[in-house]
Amino acid sequence: MNVLDFKNKKTQREKISVVTCYDYTSARILNSTRIDAILVGDSLAMTMYGERSTLPATIEVMAQHTTAVVRGAPDKFIIGDLPFLSYRSSLSENMNAVAALMRTGAHAVKLEGVDGNEEFIRHLVGSGVPVMGHLGLTPQSVNQLGGFRVQGRDRNQAELITSAAQKLEAAGCFSVVLECVPSALGRTISESLSIPTIGIGAGPDTDGQVLVWQDLLGMNKDFKPKFVRQYLNAGEQIESALNQFADDVIAKKFPEARESYE
Ligand code: KIV
């Protein structure tokens with residue numbers, strides 16, 4: 001998969017699968033799957049560090065995790081997420097943030113929103129950096145949006161998001177994430193763009209889907225938003241394996257002779 005394949009897949013009506021990943025071991029697993037691309041999302045602030053939002057993610061942390069994922073998944077197309085405010089300063093500071101991510105070996109960057117970003121996106125694309133946009137529920141604006149909630153329910157908001165998506169395409173984005181918007185809006189936007197939309201909580205008609213690693217694998221028992229499908233009960237299975245180990249240690253069933261040196 002490379003940046004051109006995103007558009008080719010849309011033209012050929014082939015859906016695109018993307019999963020988030022934040023560490024080397026998980027990236028190694030992803031590398032041998034049929035998943036098309038990996039997003040090292042700033043959601044890592046929540047999934048890996050237990051924060052309540054993505055805002056605490058820094059460019060240093062993003063670059064460190066992206067490096068680990070690049071090492072683990074050398075065959076995958078990897079998108080590094082630009083964290084909160086890292087692309088809202090001077091051009092040179094913004095470029096330093098992008099350079100930090102791209103020098104890890106990532107193939108593209110993602111950023112949220114359109115207002116104030118169009119010139120920067122043009123500059124990046126002109127500098128050889130593929131850019132993925134992100135609209136709808138943009139978690140870096142959670143305080144402005146008044147919480148993690150579905151966006152684009154009313155007509156005015158829906159039109160604003162649609163026109164923002166068209167601006168992102170015009171600025172040169174190769175793809176746009178649509179997060180938590182009604183399915184009808186996901187479909188309308190996808191039909192109005194020639195670049196692919198990657199949905200999360202945006203219904204079945206976006207050109208691809210992205211899920212967060214921990215959600216897809218069912219690692220958090222108490223977190224199951226409507227748009228998530230859990231393909232595994234990893235949380236429960238890991239818990240049970242750990243309890244089995246603890247019991248075996250107490251019962252002196254581990255290690256056995258075959259697991260020990262003579
Ligand atoms: O940070 C992230 O993981 C994301 C996805 C939810 C699209 O932006």
Side-chain angles (χ1 to χ4, degrees), residues 6 15-23 26-27 30 35-59 61-66 68-69 73 76-87 97 101 104 106-114 117 130-142 144-145 147-152 161 164-165 168 173-181 186 189-190 195-203 206-217 219-220 223-230:
F6 277 79
K15 296 277 188 181
I16 300 166
S17 57
V18 183
V19 175
T20 71
C21 182
Y22 319 100
D23 69 278
S26 308
L30 267 173
I35 297 294
D36 290 311
I38 297 177
L39 169 67
V40 188
D42 62 354
S43 51
L44 66 73
M46 302 169 83
T47 58
M48 303 298 284
Y49 292 94
E51 299 284 2
R52 293 171 66 84
S53 77
T54 61
L55 272 56
T58 62
I59 192 66
V61 168
M62 292 306 303
Q64 190 162 358
H65 284 266
T66 309
V69 172
K76 292 294 177 190
F77 187 87
I78 296 172
I79 303 137
D81 215 358
L82 285 165
F84 182 55
L85 295 184
S86 66
Y87 50 98
L101 279 192
T104 66
H107 306 97
V109 298
K110 176 169 84 59
L111 53 74
E112 294 184 7
V114 70
N117 291 337
V131 181
M132 177 180 256
H134 186 156
L135 296 172
L137 170 53
T138 45
Q140 292 173 11
S141 304
V142 63
Q144 191 67 40
L145 299 175
F148 296 100
R149 56 184 75 233
V150 177
Q151 301 294 309
I161 300 174
L168 286 178
C173 284
F174 72 94
S175 171
V176 182
V177 167
L178 292 180
E179 180 164 353
C180 286
V181 296
I189 296 177
S190 304
I195 55 170
T197 54
I198 309 294
I200 176 163
T206 52
D207 302 300
Q209 298 288 334
V210 55
L211 279 180
V212 167
W213 175 271
Q214 283 78 356
D215 299 346
L216 186 158
L217 297 176
M219 300 188 89
N220 299 318
F223 182 70
K224 168 90 184 57
K226 185 177 163 79
F227 61 81
V228 167
R229 185 179 297 175
Q230 292 183 344

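Both ligands and their constituent atoms are indexed starting at 1 by order of listing.
Looking only at distances, a side-chain donor or acceptor of Gln140 sits under 3.5 Å from a matching main-chain atom of Leu82. Remark: the backbone N or O of Leu101 is paired with a side-chain donor or acceptor of Thr104 at under 3.5 angstrom. The backbone N or O of Ile35 sits less than 3.5 Å from a side-chain atom of Lys76, completing a donor-acceptor pair. Formation of a donor-acceptor pair under 3.5 Å by the Gln214 side chain with backbone atoms of Val212 is not found in this model.
Using modelled atom types, one finds a donor on one side chain and an acceptor on the other under 3.5 Å when comparing Thr206 with Gln209. For the residue pair Gln230 and Asp215, no side-chain donor N or O sits within less than 3.5 Å of a side-chain acceptor on the partner. Under the 3.5 Å distance criterion, with hydrogens and angles disregarded, a donor-acceptor pair is assigned to the side chains of Tyr22 and Ser43.
For Asp81, a nitrogen or oxygen atom sits less than 3.5 Å from a nitrogen or oxygen atom of ligand 1, counting backbone and side chain alike. Ligand 1 has no N or O atom lying under 3.5 Å from any N or O atom of Tyr22, backbone or side chain. The shortest N/O to N/O separation between Asp42 and ligand 1 falls below 3.5 Å.
Looking only at heavy atoms of the protein, atom 6 (C) of ligand 1 is closest to Ile200 CD1, 3.8 Å.
The shell of residues lying under 4.0 angstrom from ligand 1, judged by heavy atoms, includes Lys110.
The atoms of ligand 1 that sit less than 4.0 Å from any heavy atom of Gly41 are 1 (O), 2 (C), 3 (O). The contact set between ligand 1 and Ser43, taken as ligand atoms under 4.0 Å from a residue heavy atom, comprises 1 (O), 2 (C), 3 (O). Heavy-atom proximity to Thr20, at under 4.0 Å, picks out these atoms of ligand 1: 3 (O).
In Thr54, neither the side chain nor the backbone holds a heavy atom less than 4.0 Å from any atom of ligand 1.
Ranked by closest heavy atom to atom 5 (C) of ligand 1, the top entry among Ile79, Leu39, Leu44, Val210 is Leu39.
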